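The shown structure was predicted, so the numbers you read here are calculated from the model rather than taken from an experiment.
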Number of protein chains: 2
Amino acid sequence: MKEKCTIDDIARLAGVSKTTVSRVLNHKPDVGSATRKRILRIVEEQGFVPNITAAGLAGGRSHLIGVLLPSFTSLYVLDIMRGMAEAVDDTLYELVLYSINDRASTKDKGDVIERILTSKLTAGLLAIMPGQLSSYVTRLHKPGFPVMTIDDQEAIPSVPRISADNRGGAYIAVRHLLSLGHSRIAHIKGPAHYLCARERYQGYCQALEEAGLAVEPGLVLEGDFQENSGFQAARRLFSLPSEQQPTAIFAGNDLMAYGVLSAAAEQGIAIPSELAVVGFDDLSSSALVRPALTTVRQPFHEMGRLGVKRLLTQLSTQLYIETSHNGMHGRKFYEREAPAATEHIQLATSLVVRASCGASHQQVNPT
Amino acid sequence: MKEKCTIDDIARLAGVSKTTVSRVLNHKPDVGSATRKRILRIVEEQGFVPNITAAGLAGGRSHLIGVLLPSFTSLYVLDIMRGMAEAVDDTLYELVLYSINDRASTKDKGDVIERILTSKLTAGLLAIMPGQLSSYVTRLHKPGFPVMTIDDQEAIPSVPRISADNRGGAYIAVRHLLSLGHSRIAHIKGPAHYLCARERYQGYCQALEEAGLAVEPGLVLEGDFQENSGFQAARRLFSLPSEQQPTAIFAGNDLMAYGVLSAAAEQGIAIPSELAVVGFDDLSSSALVRPALTTVRQPFHEMGRLGVKRLLTQLSTQLYIETSHNGMHGRKFYEREAPAATEHIQLATSLVVRASCGASHQQVNPT
DNA sequence: CTGTTAGCGCATTCAC
DNA sequence: GTGAATGCGCTAACAG
């Protein structure tokens with residue numbers, strides 16, 4: 001583990017040219033296995049770590065992946081980031097954090113995003129819940145600069161995205177309540193401009209309809225995904241004539257479910273005996289609130305991990321295309337038509353059963 | 001905002017050499033103000049963003065700051081990171097994320113850290129709660145590579161660190177309970193090998209002693225900072241003969257306070273009327289648990305922000321030293337004695353009063 | 001299979 | 001004040 005050590009150093013030690021060393025380091029096929037072995041040994045001995053800055057500059061291709069996160073950020077972005085870090089762990093890539101200042105105007109935020117591209121620091125971008133920033137993010141996604149959104153509020157047709165199965169999660173949540181004998185199940189929706197809010201509502205409707213129950217407009221309210229809106233919505237539900245009151249509430253997310261819990265406590269409504277409550281997200285605090293919240297778990301960790309994996313795949317695909325076409329200009333992916341997979345990956349959610357719905361503790365998976 | 005734009009491009013447009021452009025970009029004094037103005041205008045027009053990768057390579061000095069975060073990571077690291085992102089926002093620096101895989105052995109983790117240095121990607125490192133990794137982090141901290149720990153479990157003499165005023169926070173928390181009339185105040189300590197746990201205990205003792213009360217060994221238990229240990233500790237306190245039972249519990253952190261809340265609920269002990277509870281940290285969930293938790297708020301955001309600021313200061317100091325000594329080798333800070341400020345910055349904490357202690361809602365600041 | 005030759009985009013000596 | 005030359009550490013074209 002010498003102070004510093006360049007490719008030239010180990011080339012000298014191995015008695016070969018640095019080109020050859022570079023080749024084995026980059027897993028090129030065309031190197032004699034004897035030489036390769038010797039080089040690898042010396043690399044090991046010296047504890048040589050290539051300078052990815054230089055590699056990026058020379059190769060015209062950075063080894064950094066940008067992570068964009070808006071700062072109105074929720075607890076679970078940590079899980080997402082942990083997943084991303086894990087995926088990047090045994091690669092040559094590293095993660096660069098781009099946090100957007102809340103107080104800035106949307107236009108300023110757009111500027112920040114523009115710079116991400118123009119600075120050419122990163123090879124691609126993972127946007128965690130870009131929300132209002134989506135339009136800017138879209139602009140970045142060109143051939144040569146892959147972008148992927150994670151859990152976006154809106155589906156951008158041209159950009160690949162990863163999300164949880166919101167509809168399916170809502171479906172199993174409501175199914176669970178139905179199996180517990182509830183027939184008057186209310187729902188507090190998230191804002192209509194959130195895709196996930198609409199999907200969850202669809203799952204709710206589907207489960208009811210399959211059970212032969214009508215969706216009662218009076219039992220469906222809309223919140224803003226914040227705790228207080230859940231609180232307010234619950235109050236309105238509690239003020240309904242007693243024969244119209246729900247026996248269960250499926251909240252669009254955990255935060256609003258917390259609001260329901262508070263409202264119930266205020267009104268002296270016992271949970272789960274008088275009212276069952278189910279949320280969506282499984283924030284880490286949902287195991288801590290009292291009563292502990294039954295909720296739909298989103299696979300945040302996996303979403304982050306997969307996001308990186310797919311991005312890396314796209315990056316290496318680009319490389320392949322570039323190489324196979326060579327004969328034209330070296331580094332111009334820009335002029336070729338996009339091979340970009342604009343796919344949508346949807347990950348399964350699962351129901352985490354805790355005290356707030358009155359069932360025994362267990363985990364229910366979708367079938 | 002052209003597709004790409006290098007320093008040469010704008011040099012051409014301005015009719016000067018790229019050297020001159022480079023000079024104004026780096027705020028060198030020796031450039032004619034007319035030329036400088038013209039260059040700046042063109043830079044603006046073209047939306048030119050320098051390639052920090054190349055700048056790093058050429059200058060021998062990276063513009064990236066590493067952020068090391070262990071993955072047993074708590075909710076509040078988000079706040080810390082947000083603070084760091086904010087501080088970096090209007091500088092040329094960016095943040096690179098290094099997350100350590102939990103499942104790896106301590107030695108493997110050490111290897112990861114070694115690579116952080118040898119890869120020379122970053123100019124310095126901010127270690128968030130390194131804990132067991134501290135020894136490795138220490139090794140990184142040489143002149144030329146500033147390291148700063150944030151909220152470390154242990155004080156490493158040679159490394160500058162930022163932490164909250166744990167002793168002071170505990171002190172005001174207990175003072176608050178005393179002012180509410182409590183005289184039998186229990187404390188659930190964190191693990192003794194955590195510096196912050198010991199400091200909080202000291203604050204507890206100091207407040208009691210100043211009030212003329214003895215620290216009763218029977219009222220001081222030790223947990224592990226996890227919820228369940230708080231639960232167990234509370235149970236033991238509740239099983240004391242009634243005349244020995246505490247009327248208030250100061251938990252070493254919020255998680256353990258949650259455990260106390262659960263244990264109280266289990267035993268039918270009303271909070272705050274029969275028992276006051278105070279935590280430490282102010283996790284975002286502490287406003288959500290029922291009853292809402294009175295707790296000591298740590299300035300996580302500020303800790304992150306300041307961490308970056310100080311690191312940047314150190315970086316620019318190095319630069320100055322390097323420049324002023326030039327005449328010797330250009331980039332060898334290594335052989336010079338360390339100017340490294342090994343200071344310790346301690347930030348004030350504040351008490352957030354909520355329902356669990358029985359006082360009216362307010363915020364108490366240390367005097 | 002391997003070595004040689006050129007840069008990547010910029011900062012930093014030196015000259016003028 | 002300004003420009004020309006050199007190189008950071010590495011990859012990628014080109015020849016053998």
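The A:N51 side chain lies nearest to D:dG9 when the options are D:dG9, D:dC8, C:dT12.
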Using a 3.5 Å cut-off and no angle test, enumerate the donor-acceptor pairs between side-chain atoms of residues 302-309 of chain A and protein atoms at least two apart in sequence or in another chain.
unit_1	atom_1	unit_2	atom_2	d
A:E302	OE1	A:R305	NE	3.2
A:E302	OE2	A:R305	NH2	3.0

Counting only pairs under 3.5 Å, give me each side-chain donor-acceptor contact of residues 49-56 of chain A, with atom names and distances, residues two or more places apart or in other chains.
unit_1	atom_1	unit_2	atom_2	d
A:N51	OD1	A:T53	N	2.8
A:N51	OD1	A:A54	N	3.0

Protein-nucleic acid N or O pairs under 3.5 Å, nucleotides 2-4 of chain D:
unit_1	atom_1	unit_2	atom_2	d
D:dT2	OP1	B:T35	OG1	2.8
D:dT2	OP2	B:G32	N	2.7
D:dG3	OP2	B:S17	N	3.0
D:dG3	OP2	B:S17	OG	3.1
D:dG3	OP2	B:T20	OG1	2.6
D:dG3	N7	B:R23	NH2	2.8
D:dG3	O6	B:R23	NH1	3.4
D:dA4	N7	B:T19	OG1	3.4
D:dA4	N6	B:T19	OG1	3.0

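Stems are defined here as 3 or more consecutive Watson-Crick or G-U wobble pairs with pairing distances under 3.5 Å; those involving DNA chain C are C:1-3 with D:14-16, C:6-16 with D:1-11.
Residue contacts for B:T6: at a heavy-atom cut-off of 4.0 Å it reaches the sugar-phosphate backbone alone, with no base atom in range.
Salt-bridge formation is not detected for the pair A:R161/A:E343: no Lys NZ or Arg NE/NH1/NH2 atom is positioned less than 4.0 Å from an Asp or Glu carboxylate oxygen.
A:Y93 meets the ring-ring contact (aromatic ring centres under 6.0 Å, His included) test with A:H63; sequence neighbours excluded. With sequence neighbours excluded, no residue forms a ring-ring contact (aromatic ring centres under 6.0 Å, His included) with B:H301.
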I would like to know whether B:S17 and B:T20 meet side chain to side chain donor-acceptor pair (under 3.5 Å); could you show each step before the answer? CA-CA 6 Å; B:S17 75; B:T20 308; 3.2 Å; yes

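Between D:dA12 and A:R61, a contact under 4.0 Å exists linking OP1 or OP2 to a side-chain N or O.
Results of the side chain to side chain contact (heavy atoms under 4.5 Å, CB included) test with A:V159 over A:T149, A:D152, A:L140 single out A:T149 as the only residue that passes.
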